[in-house]
Amino acid sequence: MNPILVTGARGQVGVEVCEKLLILGYKVISCGHSDLDITSENEVSSLFESTPISLVINCAAYTAVDKAEDEEKAAYAVNALGPKNLALECKERDIPLIHISTDYVYDNGKPGLHLENESTGTRCVYGKTKLFGERFILDSGVRAVILRASWIFGRYGKNFVKAMANLAASRDTLKVVCDEFGNPTPARALADDICYIADSILNGSCTDFGVYNYCGYPSIVRNDFARVILDKAREIGMLSHDVEVLPITSEEFGAKAKRPADSRMNSDKFANTFRRDLPDWRLYLEETLRGL
């Protein structure tokens, strides 16, 4: 069997995907940005022309949400043009593609759990560029599974869980926004399910391509998420003092990019289609904290 190409292989999901694929016995072409610039049509084309590939998993993304407001061109290149380049090459060679998108496409003011077929809308550059990436993939006609994931955290890379633990180590109080609702998603669980889908596609048992919500449960407000993280850190002896989490509004916090106020997602379509249980994110906190 030809290798699976994993782009963004040095990120928190990409590393987990590569590890899982190797455990499953797949050959893996592991590409970070220094190995393959997906924003370059020439680089992407050259790789596909010279290398047999059975499937592509795109974990590459520009995820510096606030920085993207000042670097829109760079964010667009990675989040929109990169997926477009991969999709066009995959379509030409009939290679299936798995792509990670974001819950930020649901910043449309709709109350309640978001569904895949509702209208999208986003106020920040990061969300807009990710949405362009989705549309480029769908417009290409490639056989693709797009997973809209939210609040990803894990053992590798930077994420909210690690940030809270690091800040709490030297502080007695933390100010965390109290008006952002969402679903934390463990990177390892996401990677496991991505690899399950990849295996299903390659063995011919998966033909249900399209867009899927994917997230952990239960949903939670951001400042309560921080409290749970710190409670776990104390429980496993990584935090020796009490830290008070002070709720503030997003407006008071003053982040440059506008985040969705409520990006909670209904992931029933994913669970029912792939017959997979969605992860309880609380079960992955300890391994993430011990990865510090």
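Everything numeric here is computed off the predicted structure, so don't read it as measured data. Throughout, residue positions are numbered sequentially from 1 according to the sequence presented.
- Here Arg290 does not pair with Glu287 in a salt bridge; the nearest charged N to carboxylate O distance is not below 4.0 Å.
- For Asn213 (side chain) and Asn266 (main-chain N/O), a donor-acceptor pair under 3.5 Å exists by modelled atom type.
- For the residue pair Lys91 and Gly141, the shortest heavy atom distance occurs at NZ-O, 3.5 Å.
- No more than 12 heavy-atom neighbours from other residues, nucleotides or ligands sit within 6.0 angstrom of CD on Glu41.
- Taking 4.0 Å as the cut-off between side-chain N and carboxylate O, Glu19 and Arg188 do not count as a salt-bridged pair.
- Under the side-chain hydrogen bond (donor to acceptor under 3.5 Å, both in side chains) test applied with Arg148, the options Glu134, Glu116, His99 reduce to a single match, Glu134.
- For the pair His241 and Ala169, the tightest heavy-atom approach, listed with the atom from each and the gap, is CE1-O, 3.6 Å.
- Counting heavy atoms from C-beta outward, Ile57 and Leu21 have side chains that approach closer than 4.5 Å.
- Panel note: side chain Lys162, backbone Gly157; a donor-acceptor pair is recorded below 3.5 Å.
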Could you give me the CA-CA distance, side-chain angles and deciding distance for Tyr217 and Asp280, then say whether side-chain contact (heavy atoms from CB on, under 4.5 Å) is met? CA-CA 5 Å; Tyr217 72 89; Asp280 181 338; 3.7 Å; yes
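- The number of heavy-atom neighbours closer than 6.0 Å to CZ of Phe274, taken from other residues, nucleotides and ligands shown, is above 12.
- The existence of a salt bridge linking Lys20 and Glu16 is excluded, since no basic side-chain nitrogen approaches an acidic carboxylate oxygen closer than 4.0 Å.
- The two atoms that bring Thr39 and Ala77 nearest to each other are CG2-O, 3.2 Å, heavy atoms only.
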Leu285/Ile229 under side-chain contact (heavy atoms from CB on, under 4.5 Å): CA gap, chis, key distance, verdict: CA-CA 7 Å; Leu285 285 180; Ile229 293 165; 4.1 Å; yes
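- A salt bridge links Arg259 with Asp66; the closest basic N to acidic carboxylate O contact falls under 4.0 Å.
- In terms of heavy atoms, Gly216 sits closest to Asn183 at O-ND2, 3.0 Å.
- The shortest distance between side-chain heavy atoms of Trp151 and Ser263 falls below 4.5 Å.
- Considering every non-hydrogen atom in both Val243 and Arg234, the closest pair reads N-NH1, 3.6 Å.
- For Arg143 and Asp94, the salt-bridge test passes: some basic side-chain N is under 4.0 Å from an acidic carboxylate O.
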Apply the test side-chain contact (heavy atoms from CB on, under 4.5 Å) to residues Val13 and Ile194: give CA-CA distance (whole Å), side-chain angles for both, the deciding distance (0.1 Å), then the verdict. CA-CA 10 Å; Val13 179; Ile194 285 173; 4.3 Å; yes
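- Between His114 and Asp103, the closest side-chain pair of non-hydrogen atoms is not below 4.5 Å.
- The closest side-chain heavy-atom distance from Lys175 to Leu167 is not below 4.5 Å.
- Considering only heavy atoms from C-beta on, Val161 comes within 4.5 Å of Phe225 through its side chain.
- By the 4.5 Å heavy-atom criterion applied to side chains, Cys90 and Phe48 are counted as neighbours.
- Across all non-hydrogen atoms, the minimal contact from Leu289 to Ala233 is CD1-N, 3.8 Å.
- Looking at Leu147 and Ile197, their side chains come closer than 4.5 Å, going by heavy atoms from C-beta outward.
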Take Val176 and Phe160, measure what side-chain contact (heavy atoms from CB on, under 4.5 Å) needs, and give me the verdict at the end. CA-CA 11 Å; Val176 184; Phe160 184 77; 4.1 Å; yes
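- Two residues are said to be in side-chain contact when any heavy atoms from C-beta on lie closer than 4.5 Å; Tyr76 and Phe132 meet this criterion.
- In this structure, Arg276 satisfies the cation-pi test against Tyr196, with its NZ or CZ atom closer than 6.0 Å to the six-membered ring centre and inside 45 degrees of the ring normal.
- Within the 3.5 Å criterion, the main-chain N or O of Asp107 finds no donor-acceptor partner in the side chain of Arg123.
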